[in-house]
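Note that the numbering runs from 1 along the sequence shown for the chain. Keep in mind that the numbers below use all heavy atoms, side chains included, and drop hydrogens, waters and symmetry copies.
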Amino acid sequence: MARMTDKVALVIGGAKGIGLAIAERLANEGAKVFITSRRGEDAEKAAKGIGHEVVGIAADASVPQDLAETVERVRESYGRIDALVLNAGLSEPAQIADITPEHFDRHFDVNVRGMVFGLQAAFPAMTGGGSVVLVGSIADVAGYPSYGTYAATKAAVRSYARTWTAELAPKGIRVNVVAPGPTDTEMMAAVPDEMRAVLVAPIPMGRMARPSEVAAAALFLLSDEASYIAGAELCVDGGLRQV
């Protein structure tokens, strides 16, 4: 039997990159999947590409009302959520002298605010327990020049996972983080070649991760195979942070 048969899954930020790869794995493993994107056409295109009756929803992860309405749509369809993935994120370079209030707010609104209010909206629908995966980054403990704001948001994600585990484990809800290293996504494609080379050089496996490899780790954490794992951070980094 597929690992997610008859499970109901919601992937916030599931139209591209890692989120799309996770949504594909969930659908292929039997889940009923809903994905969101700020651009409705991207969500619909991704859902159609995945198949398996995946539903695409237009929702801005930085807007709590959009997140609440998304959860309500899932509840109207199936009455519950079994697996929640909070993936929406952005990463824009700026050194300390160049950080603007707008740069700061964009990152924290999507990368942190979106996760906080996404989980707040969704966990009441997880009445039978379930699993939450936050998509973090190994940047949460690293110092990459020009990516301080991004790294700070991911450190916040890691911290929230610990607190949310303490709060929600008694309700049967597990919260974990999958923390990719540099991953070959559209977001990474926008990074200058010089920075890409700097990021890859220290990776023991000599390459970036593929989105499908991060998705495999997320699937494990979402599945019943990880039933006794909570509050953890699973690094998918080719050994970068491990040696």
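By the neighbour-count criterion of 12 heavy atoms within 6.0 Å, atom CD of Glu53 is sparsely surrounded, having that number or fewer from other residues, nucleotides or ligands.
Partners of Tyr78 according to the side-chain contact (heavy atoms from CB on, under 4.5 Å) rule, which considers only residues two or more places apart in sequence or in another chain, are Val8, Lys32, Phe34. Applying the side-chain contact (heavy atoms from CB on, under 4.5 Å) rule to Arg113 yields the partners Pro64, Asp109, Phe117; only residues at least two apart in sequence or on another chain are considered. Considering only residues two or more places apart in sequence or on other chains, Gln242 meets the side-chain contact (heavy atoms from CB on, under 4.5 Å) condition with Cys235, Asp237. His52 is linked by a ring-ring contact (aromatic ring centres under 6.0 Å, His included) to nothing, counting only residues two or more places apart in sequence or in another chain.
The heavy-atom pair separating Ala47 from Val54 by the smallest distance is CB-O, 3.4 Å. Residues Ala2 and Gly30 approach most closely at CB-N, 4.2 Å, considering heavy atoms. Residues Ala139 and Ala151 come closest through the heavy atom pair O-CB, 3.2 Å.
At a threshold of 4.5 Å between non-hydrogen side-chain atoms, the residues Val33 and Met4 do not count as touching. You'll find the side chain of Asp184 reaches within 4.5 Å of the side chain of Arg196, heavy atoms only. At least one side-chain heavy atom of Pro182 sits less than 4.5 Å from a side-chain heavy atom of Met188. Using a 4.5 Å heavy-atom cutoff, the side chains of Val110 and Arg38 are not in contact.
When the side chains of ILVMFWY residues are joined at heavy-atom separations under 4.5 Å, either directly or via intervening members, Ile12 and Ile22 end up in two distinct hydrophobic clusters. Under a hydrophobic clustering in which Ile, Leu, Val, Met, Phe, Trp and Tyr are joined whenever their side-chain heavy atoms come within less than 4.5 Å, directly or via other members, Val178 and Val85 fall into the same cluster. In the hydrophobic clustering of this structure, Val74 groups with Leu67; members are Ile, Leu, Val, Met, Phe, Trp, Tyr whose side-chain heavy atoms approach within less than 4.5 Å, directly or through other members. In terms of hydrophobic clustering, with Ile, Leu, Val, Met, Phe, Trp and Tyr side chains grouped at heavy-atom distances under 4.5 Å, Val63 and Phe108 are assigned to different clusters. When the side chains of ILVMFWY residues are joined at heavy-atom separations under 4.5 Å, either directly or via intervening members, Val214 and Val11 end up in a single hydrophobic cluster.
Here the side chain of Arg174 pairs a donor or acceptor atom with the backbone of Leu221 at under 3.5 angstrom. Checked by atom type and distance alone, the side chain of Thr183 never pairs as donor or acceptor with a backbone atom of Thr185 at under 3.5 Å. A donor-acceptor pair under 3.5 Å is formed between the side chain of Asn111 and the backbone N or O of Leu90. In this structure a side-chain-to-backbone donor-acceptor pair under 3.5 Å is present from His107 to Glu92. With hydrogens and angles disregarded, a donor-acceptor distance shorter than 3.5 Å links the side chain of Thr165 to the backbone of Val175. Side chain of Thr36 to main chain of Ala58: no donor-acceptor pair is present (N/O by atom type, distance under 3.5 Å, no hydrogens or angles).
Once rounded to the nearest 0.5 Å, the distance linking OG of Ser223 with CG of Asp82 reads 12.5 Å. Here the straight-line distance linking atom NZ of Lys154 with atom OG of Ser159 works out to 14.0 Å at 0.5 Å rounding. Note that CD1 of Ile99 is 3.5 Å distant from OG1 of Thr149, once rounded to the nearest 0.5 Å. Taken from CD1 in Ile57 to CZ in Arg73, the straight-line distance is 4.5 Å, to the nearest 0.5 Å. Here Arg80 contributes atom CZ and Met126 contributes atom CE; the two are 11.0 Å apart, rounded to the nearest 0.5 Å. The structure places CD of Glu24 at 12.5 Å from CG of Leu219, a figure rounded to the nearest 0.5 Å.
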Yes or no on side chain to side chain contact (heavy atoms under 4.5 Å, CB included) for Phe220 and Ile229, after CA distance, side-chain angles and deciding distance? CA-CA 10 Å; Phe220 166 68; Ile229 299 175; 3.6 Å; yes

Worked verdict on Tyr144 versus Leu199 for side chain to side chain contact (heavy atoms under 4.5 Å, CB included): CA-CA 9 Å; Tyr144 294 114; Leu199 293 172; 3.8 Å; yes

Dump the intermediate steps for side chain to side chain contact (heavy atoms under 4.5 Å, CB included) on Asp140 and Val157, then the final yes or no. CA-CA 8 Å; Asp140 60 4; Val157 169; over 6 Å; no

Between Leu119 and Leu168, does the side chain to side chain contact (heavy atoms under 4.5 Å, CB included) criterion hold? Intermediate values first, please. CA-CA 11 Å; Leu119 181 59; Leu168 299 179; 4.0 Å; yes

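Under the 4.0 Å criterion applied to side-chain N and carboxylate O atoms, Arg25 and Glu29 are assigned as salt-bridge partners.
Tested against Val132, the residues Asn176, Ile81, Ile173 include a single side chain to side chain contact (heavy atoms under 4.5 Å, CB included) partner, Ile173.
Using the six-membered ring where Trp is involved, Tyr150 and Tyr147 have ring planes that are perpendicular, over 60° apart on the 30 and 60° scheme.
A side chain to side chain donor-acceptor pair (under 3.5 Å) check over residues 203-212, counting only residues at least two apart or in different chains, returns the pairs Arg207-Glu213, Arg210-Glu213. Listed by first then second residue, pairs satisfying side chain to side chain donor-acceptor pair (under 3.5 Å) with a partner in residues 55-67 read Asp60-Ser62, Gln65-Glu69, not counting sequence neighbours.
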